[in-house]
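The chains referred to below are lettered A, B, ... by the order of the sequence lines, with proteins before strands, and numbering in each begins at 1. What you see is a predicted model, and the numbers here were worked out from it, not measured in a lab.
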Amino acid sequence: MAEDTYSHKMVKTNHRRCRTKFTEEQLKILINTFNQKPYPGYATKQKLALEINTEESRIQIWFQNRRARHGFQKRPEAETLESSQSQGQDQPGVEFPSREARRCRTTYSASQLHTLIKAFMKNPYPGIDSREELAKEIGVPESRVQIWFQNRRSRLLLQRKREPVASLEQEEQGKIPEGLQGAEDTQNGTNFTSDSHFSEARTW
DNA sequence: GCGTAATCTAATCAACT
DNA sequence: AGTTGATTAGATTACGC
C-alpha cells in the first residue's frame with residue numbers, strides 16, 4: 001500500500017534487481033552441479049535453490065551465464081565408451097536421460113491477464129519493484145511476471161515487424177505501448193554517446 | 001493443433017572489486 | 001579493467017487447452 005517509506009535518497013526505484021552475491025560455498029555447489037549437468041531441469045534447479053538458499057530464477061540465470069562464458073561438455077552422454085552399439089536406434093527400452101522436465105506451464109486466469117496487460121501498456125519494461133508488486137497482486141512468482149513480459153514484448157515486436165502499420169486500430173481503443181523499441185533508425189553509426197536505449201523517463 | 005509459457009543463445013548493460 | 005549477475009531481443013521447444 002504505498003507507504004511513505006521513501007527515504008531521502010531514493011530509491012533507485014525501478015530498476016534492476018540487486019546483484020546477487022554468491023558465497024564461495026554456493027559457487028562450489030553451483031559449479032559442481034554445472035559440471036555434471038549444464039542443462040538442469042526444473043527439479044534440479046529447485047533442489048539447488050533449496051540447498052543454497054537462493055531463488056530458482058537466480059540459478060537459472062547463473063547457468064545461462066555460465067554456459068555462455070565457460071566451456072562445458074555439450075554431451076552429457078559421451079562417457080568413456082558409448083555402448084558398443086553404434087546404431088541401436090530401435091531400442092526404446094531405456095530412454096537415455098535426455099532431458100529433465102521443465103517447469104510446469106503456468107496458466108493465467110482472465111483477471112490475471114487483464115492486470116498484466118494493463119501494466120504492460122503502461123510500461124513494457126517494468127523494473128524489479130514493479131514486477132514484484134505485480135507478482136504479489138496476481139499471486140505468482142516474480143520470475144513468472146518477468147517471463148511474461150519478455151514473451152509479450154517478443155510477440156508484439158514480431159507482430160509489428162510483420163505488419164508494419166497495423167496496430168493503429170489497437171492504438172485507438174487501447175493503448176499499445178509506443179516506446180517498444182520501434183526499430184527506429186537508431187543505427188547512425190558513430191553516435192550513441194551515453195544514450196541508453198530509449199528514454200525510460202515515462203511516468204513513474 | 002494452436003497459443004503461449006518455458007527455455008535457450010548472443011549481445012549488452014552494469015555492479016563490484 | 002576484468003569478472004560476472006541482470007536484462008534484452010529473438011529463436012526455439014513443448015505443454016495445457
Rounded interatomic separation in angstrom, taking [atom1] from [X] and [atom2] from [N]:
X: A:Ile128; N: C:dT8; atom1: CD1; atom2: C1'; result: 15 Å
X: A:Arg67; N: B:dT7; atom1: CZ; atom2: C1'; result: 8 Å
X: A:Arg153; N: C:dG10; atom1: CZ; atom2: P; result: 11 Å
X: A:Leu113; N: B:dT4; atom1: CG; atom2: P; result: 9 Å
X: A:Arg152; N: B:dA5; atom1: CZ; atom2: C1'; result: 13 Å
X: A:Leu30; N: C:dT4; atom1: CG; atom2: C1'; result: 13 Å
X: A:Gln64; N: B:dT12; atom1: CD; atom2: P; result: 17 Å
X: A:Asn151; N: B:dC2; atom1: CG; atom2: P; result: 19 Å

Original post:
At how many degrees, to 10°, do the end axes of the helix from B:dG1-C:dC17 to B:dT17-C:dA1 meet when each uses five pairs?
Top reply: 30°
Original post:
What about A:Arg66, does its side chain sit under 3.5 Å from the base of C:dT4 through a donor-acceptor pair?
Top reply: no
Respond yes when some side-chain nitrogen or oxygen of [X] is under 4.0 Å from OP1 or OP2 of [N], and no when none is.
X: A:Tyr39; N: C:dT13; answer: no
X: A:Thr106; N: B:dA6; answer: yes
X: A:Arg131; N: C:dT7; answer: yes

Subject >> Most 5' of A:Arg69 and A:Lys45 on DNA chain B, judged by nearest nucleotide >> reply: A:Lys45
Original post:
Considering all heavy atoms of both residues, which atom of A:Thr107 and which atom of A:Gln112 are nearest to each other, and what is their separation?
Top reply: O-OE1, 4.0 Å
**OP:** Measure the acute angle between the ring planes of A:Phe149 and A:Phe120, then classify it against the limits of 30° and 60° as parallel, tilted or perpendicular.
**Re:** tilted
Who passes side-chain contact (heavy atoms from CB on, under 4.5 Å) against [X], sequence neighbours left out?
X: A:Arg66; value: A:Ile31, A:Phe34, A:Trp62, A:His70
X: A:Ser154; value: none
X: A:Ser111; value: A:Ser109

Original post:
Which residue pairs pass the salt bridge (Lys or Arg N to Asp or Glu O under 4.0 Å) test when at least one of the two sits in residues 22-33 of chain A, sequence neighbours left out?
Top reply: none
Subject >> CG on A:Leu134 to CD on A:Glu137, rounded to 0.5 Å >> reply: 6.0 Å
When you measure from the side chain of [X] to the backbone N and O of [Y], does any donor-acceptor pair fall under 3.5 Å?
X: A:Gln36; Y: A:Thr33; answer: no
X: A:Arg16; Y: A:Gly127; answer: no
X: A:Thr54; Y: A:Ile52; answer: yes

Without placing hydrogens or testing angles, list every side-chain donor-acceptor pair under 3.5 Å for residues 43-51 of chain A, not counting sequence neighbours.
from: A:Thr44; atom 1: OG1; to: A:Lys37; atom 2: NZ; distance (Å): 3.4
from: A:Thr44; atom 1: OG1; to: A:Glu100; atom 2: OE1; distance (Å): 2.7
from: A:Thr44; atom 1: OG1; to: A:Glu100; atom 2: OE2; distance (Å): 3.1
from: A:Lys45; atom 1: NZ; to: A:Gln60; atom 2: OE1; distance (Å): 2.4
from: A:Gln46; atom 1: NE2; to: A:Tyr42; atom 2: OH; distance (Å): 3.2

Original post:
Quick one, which residues of residues 132-146 of chain A touch DNA chain C with a heavy atom under 4.0 Å?
Top reply: A:Gln146
**OP:** Using heavy atoms and a sub-4.0 Å distance, could you list which residues of residues 55-62 of chain A are near DNA chain C? By number, please.
**Re:** A:Arg58, A:Ile61, A:Trp62
**OP:** Could you tell me which residues satisfy side-chain hydrogen bond (donor to acceptor under 3.5 Å, both in side chains) with A:Arg17, sequence neighbours excluded, listed by chain and number?
**Re:** A:Glu142
Subject >> Set of residues satisfying side-chain hydrogen bond (donor to acceptor under 3.5 Å, both in side chains) with respect to A:Arg58, sequence neighbours excluded >> reply: none
Check nucleotides 14-17 of chain C for protein N or O atoms closer than 3.5 Å to its own N or O atoms and list the pairs.
from: C:dC15; atom 1: O2; to: A:Arg105; atom 2: NH1; distance (Å): 3.1

Original post:
For A:Tyr39, is the NZ or CZ atom of A:Arg67 found under 6.0 angstrom from the centre of its six-membered ring and inside 45 degrees of the ring axis?
Top reply: yes
Original post:
Which part of the nucleic acid, if any, lies within contact of A:Arg19, taking any heavy atom under 4.0 Å across all strands shown: a base, the sugar-phosphate backbone alone, or nothing?
Top reply: base
